[in-house]
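Indexing begins at 1, ligand by ligand and atom by atom, following the structure's order.
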Amino acid sequence: MVVVSTSSVAAESNQQLTHPVCFVGSGPGAADLLTLRAAERLRQADVLIWTDSLVCPQITELVPDHCETIRTSTLTLEEVIPLLIDRQRKGAHVVRLHDGDTALYSAINEQICALSDAEIPVEVVPGVSAYQATAAALSSELTIPGVVQTIVLGRAGGRTGVPASEELDHLAALGASLCLYLSARHVEEVQTTLLRHYPDDTPVAIAHRVSWPDEWITVVPLREMARVSQDRQLIRTTLYLVSPALRGGEQRSRLYSPDHDHLFRPRR
Ligand SMILES: C[S@@+](CC[C@H](N)C(=O)[O-])C[C@H]1O[C@@H](n2cnc3c(N)ncnc32)[C@H](O)[C@@H]1O
């Protein structure tokens, strides 16, 4: 199977006035966290097929009045694909909207493969992911020199499962800044696993619906992660940031150190 690029298909068909199906990352929720490109694609959309279980509804208000909008929370892949193909072949600007960034747990791969088999070109517009929005909401950097220099984006196994080498025990063993998606349902098990690798007072940000109007974020010691999540009955749209970087501190980077010369700031 070959993935067809936008430019090659446009050139070959010499414009029957069809447009690529555009996969857009909506960002975490707030419309002003969309990229400019994403907002432009939404304003041009004739058809919006959106993940209503995860995308903040405010984002969909950007589409023009004539735009057909289709929710996908009750549909299967087998139902979504014919919609994408049919509307694209009719010449519509089709936007397929997913939450956060398109590269993370977005299920765009299976859709792009099916469109490729149908020789339909695609465009992908990335978005701000939940971990970035959470770190920003906390005014935090997750890579503090001398403390932690790696960010792991992962999830607890759950129903979908993860490859054995990516089980939480392995991810946690790094002791890095760990961003856990899709894991609130398994928080008790997650906490038990994390406590095997991080000190029990490691800060954990619990972020629910970051940048939505009802955003709720708190930072607790790891030993409190499960209790606080359960008290709040968090199951969906919750991200965990487990990181020694959330302790703050004043470690500074070498980049701006007076004794560190480099190409743009040679030795004075
Ligand atoms: C199917 S995944 C998609 C992730 C998305 N592509 C991203 O880059 O953020 C859905 C999970 O992302 C996280 N998530 C997405 N948006 C969020 C938000 N606004 N606040 C907190 N967590 C969010 C939650 O862990 C949620 O269960």
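Of all protein heavy atoms, the one lying nearest to atom 21 (C) of ligand 1 is Thr237 O, 3.2 Å. Scanning the protein heavy atoms around atom 1 (C) of ligand 1, the nearest turns out to be Tyr105 O, 3.1 Å. Looking at atom 27 (O) of ligand 1, its nearest protein heavy atom turns out to be Leu182 CD2, 3.5 Å. Regarding atom 13 (C) of ligand 1, its nearest protein heavy-atom neighbour is Tyr181 CD2, 3.6 Å. Asp99 OD2, 3.3 Å is the protein heavy atom nearest to atom 15 (C) of ligand 1. The protein heavy-atom contact nearest to atom 20 (N) of ligand 1 is Val210 N, 2.9 Å.
Of the options Val55, Val95, Ile59, Leu48, a side-chain contact (heavy atoms from CB on, under 4.5 Å) to Val24 is made by Val95 and by none of the others.
Considering backbone and side-chain atoms alike, Asp101 places an N or O below 3.5 Å from some N or O of ligand 1. When only interatomic distances are considered, the shortest N/O to N/O separation between Pro28 and ligand 1 falls below 3.5 Å. At under 3.5 Å, not a single nitrogen or oxygen of Val128, backbone or side chain, sits near a nitrogen or oxygen of ligand 1. An N or O contact shorter than 3.5 Å is missing between Gly29 and ligand 1 by distance. When only interatomic distances are considered, the shortest N/O to N/O separation between Ala130 and ligand 1 falls below 3.5 Å.
If you number the atoms of ligand 1 from 1 as listed, the ones under 4.0 Å from a heavy atom of Ala207 come out as 21 (C). Within ligand 1, the atoms closer than 4.0 Å to a non-hydrogen atom of Ser129 are 7 (C), 8 (O), 9 (O), numbered from 1 in the order shown. Ligand-side atoms of ligand 1 in range of Trp212: 19 (N), range being under 4.0 angstrom from any heavy atom. Near Thr238, meaning under 4.0 Å from any of its heavy atoms, are these atoms of ligand 1: 22 (N), 24 (C), 25 (O). Listed by number with element, the atoms of ligand 1 under 4.0 angstrom from any heavy atom of Leu104 are 3 (C), 4 (C), 5 (C), 6 (N), 8 (O).
Side-chain contact, Thr202 with Arg223: no donor N or O sits under 3.5 Å from an acceptor N or O. Side-chain contact annotation: Ser53 with Ser73, donor-acceptor N/O pair under 3.5 Å absent. Inspection of the Tyr240 and Thr134 side chains reveals no N or O donor paired with an N or O acceptor under 3.5 Å.
A salt bridge is defined here as a Lys NZ or Arg NE, NH1 or NH2 lying under 4.0 Å from an Asp or Glu carboxylate O, and Arg155 with Glu166 fails to meet this definition. Ion pairing between Lys90 and Asp46 fails under the 4.0 Å rule for side-chain N and carboxylate O. For Glu40 and Arg43, the salt-bridge test fails: no basic side-chain N is under 4.0 Å from an acidic carboxylate O.
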* Determine, step by step, whether Tyr198 and Val242 satisfy the side chain to side chain contact (heavy atoms under 4.5 Å, CB included) criterion, reporting the C-alpha distance in whole Å, the side-chain angles of both residues, the deciding distance to 0.1 Å, and the verdict. => CA-CA 9 Å; Tyr198 293 86; Val242 183; 4.1 Å; yes
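Every residue meeting the side chain to side chain contact (heavy atoms under 4.5 Å, CB included) condition with Thr35, not counting sequence neighbours, appears here in chain and number order: Arg37, Ala38, Val125.
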Determine all donor-acceptor pairs shorter than 3.5 Å in which one atom belongs to a side chain in residues 75-83; sequence neighbours excluded.
| from | atom 1 | to | atom 2 | distance (Å) |
| --- | --- | --- | --- | --- |
| Thr76 | OG1 | Glu78 | N | 3.4 |
| Thr76 | OG1 | Glu79 | N | 3.3 |
| Thr76 | OG1 | Glu79 | OE1 | 3.3 |
| Glu79 | OE1 | Thr76 | N | 2.8 |

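Residue Arg236 places no heavy atom under 4.0 Å from ligand 1.
Of all non-hydrogen atoms in Pro203 and Val219, the two that sit nearest each other are CB-CG1, 3.8 Å.
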